[in-house]
Amino acid sequence: VIPGWFSEISPMWPGEAHSLKVEKILFQGKSEYQNVMVFQSSTYGTVLVLDGVIQLTERDECAYQEMITHLPLCSIPNPKKVLVIGGGDGGVLREVSRHSSVEQIDICEIDKMVVDVSKQFFPHVAVGYEDPRVTLHIGDGVAFLKAVPEGTYDAVIVDSSDPIGPAQELFEKPFFASVAKALRPGGVLCTQAESIWLHMHIIEDIVANCRQIFKGSVNYAWTTVPTYPSGVIGFMLCSTVGPPVDFKHPVNSIDLSDSCNKSKGPLKFYNPEIHTAAFCLPSFAKKVIDSK
Ligand code: PUT
């Protein structure tokens, strides 16, 4: 460990640790679930860290929040009811609320400290909470989903941390089955699905489970996030049986001139071309994912 630097050390990426120079520690706390830290970095702005793992930085959060949200929501016409599991920082809410067709946005985040810290230190991310369509539920996403009436949502977005700690169950088959039940026919799931460079074993399991449960489309996409381990992170996109969903070709666009977008400014990362490109996989990953 280099003094004055934050190094991200975890058994999920043994033998490597990305480091950022720390200008100032802004917050350190321990919630019921995890250690929470916020620091000012010298090159990526303010950084949110949970249990020693970077969750977002001001500079590159757009690449994650925009892709995890618009990949599913631009793949179906007129999404109306959206559920976010995790995502307590509010960034996914900010992006969901760009969609004027959306009438209801529910979010279930387990850790209230993440919500409070984001509102205090990441106002441009937590701005998502200001949309009147948003209802925040503090609680366990697994339990929340079990209580959702069948066929409620057009889209479920799972913005989780890594599968060690409070998010572990969000990567397991029973959870995916609950998501499928909560979706309407032809509804879509987009879930955080780790890095092709580091976690092919986890991705293999996610793909295999999702292919068993989701009988519509099942596709893996990815984006670059320089401050996530290996600099990339992926998403599993699935649809239930119903109106067919072709994830690779967006059918829905975001009208940046409408009232849902005026206060939020332009998109920084997402566009229809990068949407389609996100599904192109390197050969080594394609081979494994296609074989599941
Ligand atoms: N929400 C995504 C976090 C990933 C951390 N490795």
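Order of appearance sets the numbers: ligands from 1, and atoms from 1 within every ligand.
Atom NE2 of H124 sits in a sparse spot, with 12 or fewer heavy atoms from other residues, nucleotides or ligands closer than 6.0 Å.
Looking at residues two or more places apart in sequence or on another chain, you find a ring pair (Phe, Tyr, Trp, His ring centres under 6.0 Å) between F6 and F39.
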Show me a pair-per-line table, with atom names and distances to 0.1 Å, of protein N or O atoms that are under 3.5 Å from an N or O of ligand 1.
| residue | atom | partner | partner atom | Å |
| --- | --- | --- | --- | --- |
| ligand 1 | 1 (N) | Y64 | OH | 3.2 |
| ligand 1 | 1 (N) | D159 | OD1 | 3.0 |
| ligand 1 | 1 (N) | S160 | O | 2.9 |
| ligand 1 | 6 (N) | D162 | OD1 | 3.1 |
| ligand 1 | 6 (N) | D162 | OD2 | 2.9 |

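The stretch residues 171-187 participates, sequence neighbours left out, in these side-chain hydrogen bond (donor to acceptor under 3.5 Å, both in side chains) pairs: D154-R184, K173-Q212.
The main-chain N or O of H70 is never found under 3.5 Å from a side-chain atom of E95 such that the two would form a donor-acceptor pair.
Taking the six-membered ring where the residue is Trp, Y64 and Y228 present perpendicular rings, their angle passing 60° and hence far from 30°.
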Using a 3.5 Å cut-off and no angle test, enumerate the donor-acceptor pairs between side-chain atoms of residues 278-286 and protein atoms at least two apart in sequence or in another chain.
| residue | atom | partner | partner atom | Å |
| --- | --- | --- | --- | --- |
| K286 | NZ | D290 | OD2 | 3.0 |

